[in-house]
Every structure is written in structure tokens, then in C-alpha cells.
Q: 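Sending over a structure as C-alpha cells; questions will come in a sec.
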2 protein chains.
Amino acid sequence: MSTIQDVARHAGVSISTVSNVLNGRADRMRRQTLDRVEAAIRELAFTPNRAARQLKTGRTSMLGLLVPSIANPMYGFIAREIETSAQERHGHRVLLGNTYRNREKETGFFDDLLAQGVRGVIVISSLVDEQHFESAVGRGLVMVSYDRRATPDAGSGIDHVSVDNFEAARLAASHLIGHGHRRIAFATASGETTSRSEKIRGFLEAAQRAGLGDGACVIDRRTVSEYGDSEMADVGRALAGDIARAPHRPTGIVAVNDMLAFGLMAGFRDAGLVVPRDVSVIGIDGLFLASLVTPPLTTVRLPVAQMAATMVERVISRLADPQLVAGEFLFQPELVERASVAPAPAGPTGGGRGTARRRSIGKAARDRKAGKTRT
Amino acid sequence: MSTIQDVARHAGVSISTVSNVLNGRADRMRRQTLDRVEAAIRELAFTPNRAARQLKTGRTSMLGLLVPSIANPMYGFIAREIETSAQERHGHRVLLGNTYRNREKETGFFDDLLAQGVRGVIVISSLVDEQHFESAVGRGLVMVSYDRRATPDAGSGIDHVSVDNFEAARLAASHLIGHGHRRIAFATASGETTSRSEKIRGFLEAAQRAGLGDGACVIDRRTVSEYGDSEMADVGRALAGDIARAPHRPTGIVAVNDMLAFGLMAGFRDAGLVVPRDVSVIGIDGLFLASLVTPPLTTVRLPVAQMAATMVERVISRLADPQLVAGEFLFQPELVERASVAPAPAGPTGGGRGTARRRSIGKAARDRKAGKTRT
DNA sequence: TTGAAAGCGCTAACAT
DNA sequence: ATGTTAGCGCTTTCAA
């Protein structure tokens with residue numbers, strides 16, 4: 001690896017002149033000098049040593065990205081968008097860390113970022129406790145958090161980029177209700193997180209509007225302690241068993257996310273129930289895998305690419321201008337109809353009441369307004 | 001962020017003493033001194049600046065990881081294992097790069113690694129041309145490549161870690177044959193890669209041993225030009241259409257990988273064919289998703305965790321000892337039986353001939369020896 | 001228009 | 001047992 005010294009010598013100029021061309025100050029020299037320097041750079045295949053540059057300026061061209069597990073398809077998808085955006089639009093590389101939802105790992109990752117001189121980080125975490133985030137910000141990290149709305153007291157210095165979870169679940173529940181379902185459930189892993197509570201609120205709101213009464217319920221299961229990538233799917237699978245065994249079971253299920261929906265579908269299959277004939281399932285996320293499973297999963301899709309672009313853009317600009325105040329960025333989801341939702345089965349508990357019918361029309365209109373897609 | 005200077009002052013010692021404790025040379029000082037320094041480090045929450053350390057020593061605690069796309073579940077899975085192993089067992093962080101199978105992106109990633117001072121990289125690529133790898137190695141990168149056997153002429157300075165692809169496909173084909181299938185196909189995306197050719201060889205070998213003659217064939221389709229994460233699945237889906245339309249179609253398909261198998265299953269569903277009643281499908285990889293789809297996918301599982309651990313161990317040790325010569329590391333796959341393979345349908349072309357039966361027993365015995373698992 | 005020089009935070013050889 | 005010091009490769013005043 002050649003150094004700036006080599007280039008200077010090769011071009012017969014001083015290192016400051018080389019540094020000037022490296023840093024876009026070519027106007028400070030004669031055309032001829034510029035040419036000589038550029039030729040030398042090319043001939044020696046010189047690339048400035050970033051460690052040295054960083055030591056001097058305190059700036060890096062790296063971003064940290066913290067995910068629970070990159071093996072989870074949803075995080076893989078988001079990570080891909082983030083890395084591509086960081087690289088192609090901002091020339092930044094991405095340092096990846098799996099945290100398995102473990103606080104020590106998250107803290108350790110922040111420490112390492114700081115030690116490496118990396119000051120921008122995008123965090124995908126569902127840990128309720130934000131303490132260590134605040135502390136990391138206090139130590140100089142510029143942080144953008146995914147899918148956890150700002151806490152009301154705000155002013156944390158953390159950007160929050162998320163989807164409108166309330167709307168996502170409302171859309172999903174409305175879709176079920178629009179198909180005549182009067183007994184619906186929201187299936188999730190237990191544990192409070194902002195995104196989950198909002199989805200539950202949205203789900204309940206739709207149910208209430210449709211006058212479902214206690215036809216709507218929330219069911220959950222704890223995840224097994226150690227983080228597994230199939231965590232969500234496992235919960236869904238177990239939940240499907242619970243549902244299948246229930247005496248008066250719901251006919252439509254909103255899953256907190258696609259992975260859990262996949263688990264539900266597998267669990268129903270285990271239990272001998274056919275989706276969507278016996279029970280309808282709708283997910284939230286919009287993974288490409290959703291179109292591959294049998295039956296293709298109807299889901300509420302998140303605008304992942306835009307969210308990723310926003311997250312990257314936020315870290316980069318706040319890194320450049322520390323004055324910038326952290327904000328909240330909310331994105332709208334979109335229904336993707338496929339084949340896992342069918343009209344509620346006729347029968348004692350099935351849909352078909354006049355009110356349900358009327359409401360279903362209203363819902364459909366609203367869905368259309370929110371923007372549906374077919375894939 | 002405090003510096004080594006601050007610590008030295010705080011402890012009332014020189015910076016070399018602090019540096020000594022930082023670098024495990026505590027034996028060079030009095031116990032008392034050590035204590036004072038350690039206390040100062042703790043009180044100031046001091047973490048050595050890695051950029052400075054790197055500038056001085058030329059060493060980094062970062063590894064590069066290049067994948068076609070982290071959104072592909074298989075790469076996500078491997079990346080997770082690599083990152084965890086690098087971090088927990090060797091204290092190294094991972095710099096991630098998506099390359100979308102694009103040579104320029106790969107080269108750009110190598111350039112950046114070198115500029116960052118990162119000298120170890122794990123490469124997952126299926127680009128046939130190895131030229132730019134060699135060149136990167138020439139410029140100082142210590143490289144470990146995943147799933148591309150060393151080229152015969154060897155001596156490239158690149159470690160090769162891969163699964164026994166021949167055996168994987170042989171295992172898969174034998175499994176089908178053991179279930180009485182006499183008309184089988186190997187489904188893949190077109191394009192020559194070492195791993196694909198070996199899988200094809202293994203598949204053909206099993207077919208030949210069973211005397212299938214032209215009952216065995218290889219079918220492929222080109223992927224669409226731009227890299228998509230559903231690339232493989234799309235190919236599988238299209239291929240399933242081709243197969244369904246074929247006049248004398250195979251009854252069992254070996255997919256080049258699980259993603260393609262998922263696509264096949266979706267495609268057969270589109271075509272009104274039921275897996276495994278009408279056609280059996282077996283994948284290669286062993287993604288956790290395989291147990292979720294309907295029907296659960298029988299597959300040949302790669303020992304991903306071990307392979308990842310080996311890759312990381314190799315980069316790290318060759319980084320530490322440049323004398324170490326690059327090698328080849330081959331891992332054995334394992335059959336995971338689930339429900340996507342059933343006995344060949346009876347009928348004019350189905351199995352059931354005496355020879356098929358006898359052979360199927362022989363195969364079963366061989367499979368058992370190779371080690372089967374049920375999940 | 002160009003160059004000299006200080007110094008970012010650290011390591012390690014070399015004093016003391 | 002502890003301290004002094006010369007850089008690692010770069011950016012950036014400041015001077016010429």
C-alpha cells in the first residue's frame with residue numbers, strides 16, 4: 001500500500017498538495033500540478049489510509065447496524081436495504097452486530113463502535129429498556145432507532161423511524177372483518193414493546209368499530225428464553241395449537257408479523273386445519289417469502305426500502321450537522337392481498353350477519369383508499 | 001472519550017506504563033502501579049482508540065464479509081454464524097458488504113477493506129471468474145472463500161471452505177430413488193459454478209448407479225439479470241411450470257438449494273400439482289424455513305455453524321501467522337427427512353419395478369450410514 | 001500556488 | 001520498574 005508520501009515524491013510535490021487534491025481543493029493549484037498528482041495517484045494505485053484520516057479528523061465512513069439476528073429474514077431484508085443505501089448513496093460501509101436481544105451484547109457493540117471511532121448507528125432492537133441507548137448517545141453516538149416510537153418525554157436525541165403499527169394492524173383486522181369474520185384474534189409473542197402495543201390498539205380499534213365485542217381477542221405465548229431465529233415461527237406454531245384446541249375458536253387471525261404467521265400456518269397444518277378454509281391468517285411485514293408459502297400469505301407490507309433510506313439519511317446528516325434535532329418518521333403500510341384470507345366459514349359463529357356485511361363494504365372502501373396491491 | 005494521556009495523568013504514571021497494562025505486560029510493573037492504572041482506566045471509562053492502535057500496528061479487529069445479498073435467508077444464516085463466531089471467539093467485528101454478484105461491487109469492497117486497514121475477508125460469491133480475488137490477495141488480503149472448491153492449479157493463497165456438494169446431491173437423489181422414483185430431475189439456475197457442477201455430478205452418479213438411464217435429467221433456467229433476493233425462488237417457480245407442462249414429467253426433483261425448492265413448491269401449487277402426491281421435492285441447505293412450509297421440505301442440511309467457525313478461525317490464524325498455507329476444508333452434509341418426498345406415484349412411469357425396489361433398499365442402507373436426522 | 005510542520009492516540013524500542 | 005521518544009499516514013493551519 002503506498003502512502004501520501006510516495007505519491008508526493010512520485011509527483012514531485014509536497015504532501016499537502018496531494019492532500020489538497022484528495023480533499024477536493026484542486027482549485028488551489030495549477031492545472032499542471034493537479035495532472036501530475038492525479039497521474040501519480042493512478043500509477044501507484046493509491047488509496048488514502050482511512051485509519052490515519054480518521055485519527056486526524058475524527059470522522060469515519062462507517063455506520064454501525066445492530067440487529068437482533070441477521071438470520072431473521074425480516075432483518076436480513078432491512079439490513080440489505082440499509083447497507084445498499086449507505087454504500088451507494090453515501091459511500092459508507094456497515095459494521096454489523098447481532099445482539100440476540102441481549103443487553104450486554106448491545107452495550108458491547110456500542111463500546112466497540114465508539115472505540116473504532118464509528119459515531120453513527122442504526123439500531124433495531126425490541127428491548128423495552130432504553131437506558132443503554134441514552135447512555136450510548138451521551139457518549140457521542142448518533143443513533144437512529146427502528147420501529148420504536150419515541151417515548152412521550154422525547155428529547156432523547158434518538159431518531160425514530162417506524163411504520164404506523166396502529167394502522168398496519170387496523171388494516172389487517174379490517175381486511176378480516178371485511179371478509180365477514182366476527183371472531184378474530186391478534187396473535188403475538190408476549191412482552192411489551194411499543195410496536196406490539198400499537199398493533200394491538202389498531203386491531204382492537206377495528207374490532208370495536210365493527211362491533212365485534214368479545215369476538216376479538218389477543219393471544220400470546222412466551223418465546224423460549226434463548227434467541228433462536230425461528231423464535232417467532234415457533235411461537236406461531238404453538239399458538240396455532242392453542243387456537244385449534246379452543247372450543248369456540250376465532251375464524252381469522254392477525255399475526256404480529258409474517259414469521260409468526262408462517263408459524264401459525266405450520267401449526268394449523270399440524271392440527272389438521274386448512275388455511276384459509278377453516279381459518280384465515282394475515283401477516284404484517286411483507287416478506288417476499290410470503291408469496292411462496294402455501295397458501296400465499298396475505299399481509300400488510302412495510303415500505304422497507306424507504307424506511308431504510310430514511311434511517312441512513314438521518315444518521316449521515318446528523319453526523320454532518322450535530323445541530324440537527326432528532327425526529328420521528330412514520331411510514332404507511334399497505335395491504336397485499338393473497339390467498340390466506342377467505343370469507344368466514346358459514347356456521348353458528350361465522351360471519352354473515354347483516355351488520356357485518358354492511359361494515360365489510362365500508363371497510364373495503366377504506367382499504368382501497370389506503371392503497372392495496374396484488375402480488 | 002478519554003485518551004491514554006488522560007489515564008496516565010490520572011494514575012500519575014507515564015503513558016508507556018498504561019500502554020503496557022493495555023497490552024498484557026502487567027508483569028513489568030509493581031502490583032501497586034497496576035492497580036492505580038486499572039483504577040484510572042475504570043474511572044475514566046477509557047477505551048483505547050482503535051484507529052490509533054491500528055495506524056501504529058497495522059492490525060485491525062475487523063473482518064470483511066462479502067455476500068451476494070444478506071436478504072437471502074441462507075446468507076443471513078451463514079452471516080449470523082460468522083459474526084457470532086468472530087465476535088465471541090475472536091473479538092472481531094464484521095464489516096458487511098452486499099455484492100449482488102456484481103464484480104465491480106466486489107472489487108470496490110476489497111478496495112475499501114484495504115483502505116480501512118482490514119486485512120481478513122470471508123467471501124461468499126458465485127462469480128466464476130476468480131481474477132479479482134487473486135488480485136485482492138496480491139494486494140494483501142487474507143481471504144477465505146465459501147463453497148467454491150480450490151481450482152486444481154491451487155496455490156492461490158485462498159482458503160476454501162465448502163460442503164461436499166457431490167455428496168449432498170448424491171444423497172438427495174438417492175433418497176428419491178430409495179422412494180422408488182425412476183424419473184428424476186435436478187433443478188437449478190443456469191450458469192456454471194463449481195458447486196453446481198459438483199451437485200450435478202453427484203446427482204448423475206446416483207442416477208447412474210440406480211440404472212436410471214435417461215430417467216435422470218438436469219433442468220435449468222436463467223435468472224433475471226438484476227439480482228433479486230427471490231431470484232432462486234423465481235427460477236424454481238418458473239421451472240415448476242416447465243416441469244408440470246412436460247409430457248413425461250419426472251416424479252422427483254432435487255433442487256440445487258432450499259430457496260429454489262420453495263419456488264418449485266409454489267410453482268407446482270400454481271400448476272395444480274400436489275407435493276408430494278404428484279411430485280416429490282428435495283432441497284439442499286437445511287434452512288429453518290424448510291420445516292415451516294407446506295409440506296415441510298425434506299432437505300440435505302449443511303453444517304453451517306461448523307463451516308462458519310472454520311472460516312473465521314482460518315482468517316484469524318492466517319492473519320496472525322502469514323506463513324500458514326491456505327487449505328481446503330470439506331464438510332459433510334446430512335439428510336433431513338420431512339414430508340416433501342413420498343413414494344413415486346404408481347403408474348406407467350412410476351417406480352415399482354423389481355430392480356427399483358431392490359436398489360431402494362440398498363440406498364436406504366447407504367443413507368443410514370451417511371447419517372439421517374428427523375426434525 | 002506551494003510547502004513546512006504540528007499533532008490525532010497509540011505502540012514499542014530504547015533509555016534510565 | 002518506569003519513562004522518553006519516534007513514528008504510523010493523514011489533515012490543516014500558517015508561512016513563504
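Side-chain atoms are counted along with the backbone in the values below, which use heavy atoms only and exclude waters and symmetry mates. Chain A is the first sequence line, chain B the second, and so forth, proteins listed ahead of strands; every chain is numbered from 1.
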Q: Is A/T57 close enough to C/dC8 that one of its side-chain N or O atoms is under 4.0 Å from OP1 or OP2 there?
A: no
Q: With a 3.5 Å cut-off and just heavy-atom distances, do the side chain of A/K56 and the base of D/dG9 make a donor-acceptor pair?
A: no
Q: Quick check on D/dT2: is either OP1 or OP2 less than 4.0 Å from any side-chain nitrogen or oxygen of B/T33?
A: yes
Q: Looking at DNA chain D, which of residues 17-26 of chain B put a heavy atom within less than 4.0 Å of it?
A: B/T17
Q: How many Å lie between CZ on B/R31 and C1' on D/dT2, as a whole number?
A: 18 Å
Q: Kindly point out which of C/dC10, C/dT2, D/dT4 is positioned nearest to the side chain of B/S16?
A: D/dT4
Q: The side chain of B/T3 lies closest to which of these nucleotides: D/dG9, D/dT12, C/dG9?
A: C/dG9
Q: Among C/dT11, C/dA5, D/dG3, find the nucleotide with the atom closest to the side chain of A/I15.
A: C/dA5
Q: Please say which of B/N98, B/V67, B/I70 ends up in a side chain to side chain contact (heavy atoms under 4.5 Å, CB included) with A/E83.
A: B/N98
Q: For the pair made of CD1 in A/I4 and C1' in C/dA4, what is the distance, rounded to whole Å?
A: 14 Å
Q: Looking at B/E328, I want to see if its CD is surrounded by more than 12 non-hydrogen atoms of other residues, nucleotides or ligands under 6.0 Å.
A: yes
Q: Of the options B/I122, B/V94, B/V161, B/L65, which is the one that meets B/V312 in a side chain to side chain contact (heavy atoms under 4.5 Å, CB included)?
A: B/I122
Q: Could you tell me how far apart A/N49 (CG) and D/dG7 (P) are, to the nearest whole angstrom?
A: 18 Å
Q: Around atom CD of A/Q131, are there more than 12 heavy atoms of other residues, nucleotides or ligands at under 6.0 Å?
A: no
Q: So how far off straight is the helix from C/dT1-D/dA16 to C/dT16-D/dA1, going by the axes through five pairs at either end, to 10°?
A: 50°
Q: Given that B/L55 and B/R28 both sit by DNA chain C, which one's nearest nucleotide is further toward the 5' end?
A: B/L55
Q: Nearest-Å distance, CD (B/Q32) to P (D/dA1)?
A: 13 Å
Q: Can you tell me how far P of C/dG9 sits from CG of B/L44, to the nearest Å?
A: 14 Å
Q: If only atom types and distance count, is the side chain of A/S85 paired as donor or acceptor with the main-chain N or O of A/E81 below 3.5 Å?
A: no
Q: Do other residues, nucleotides or ligands put more than 12 heavy atoms under 6.0 Å from B/R25 CZ?
A: yes
Q: Does C/dT1 have its OP1 or OP2 closer than 4.0 Å to a side-chain nitrogen or oxygen of A/R30?
A: no
Q: Touch check for A/R59, heavy atoms < 4.0 angstrom, all strands: base, sugar-phosphate only, or nothing?
A: sugar-phosphate
Q: From CZ of A/R50 over to P of D/dC10, roughly how many Å is that when rounded to an integer?
A: 11 Å
Q: Donor-acceptor pair, B/R318 side chain versus B/G157 backbone, under 3.5 Å?
A: yes
Q: Whole angstrom is fine here: how far is it from CD in B/Q5 over to P in C/dG9?
A: 9 Å
Q: Can you measure B/R9 atom CZ to D/dT4 atom C1' for me and round it to whole angstrom units?
A: 16 Å
Q: Mind checking whether B/F110 and B/F133 have parallel, tilted or perpendicular rings, split at 30° and 60°?
A: perpendicular
Q: When we call it a touch if two heavy atoms are under 4.0 Å apart, what does A/R53 touch: a base, just sugar-phosphate, or nothing?
A: sugar-phosphate
Q: Would A/V7 and A/L22 count as a side chain to side chain contact (heavy atoms under 4.5 Å, CB included) here? Give the steps.
A: CA-CA 11 Å; A/V7 177; A/L22 252 29; over 6 Å; no
Q: Compute whether any side-chain donor of one residue and acceptor of the other, for A/S125 and A/E106, lie under 3.5 angstrom apart.
A: yes
Q: In terms of side-chain heavy atoms of A/F46, which of D/dC10, D/dG9, C/dA13 is nearest?
A: D/dC10
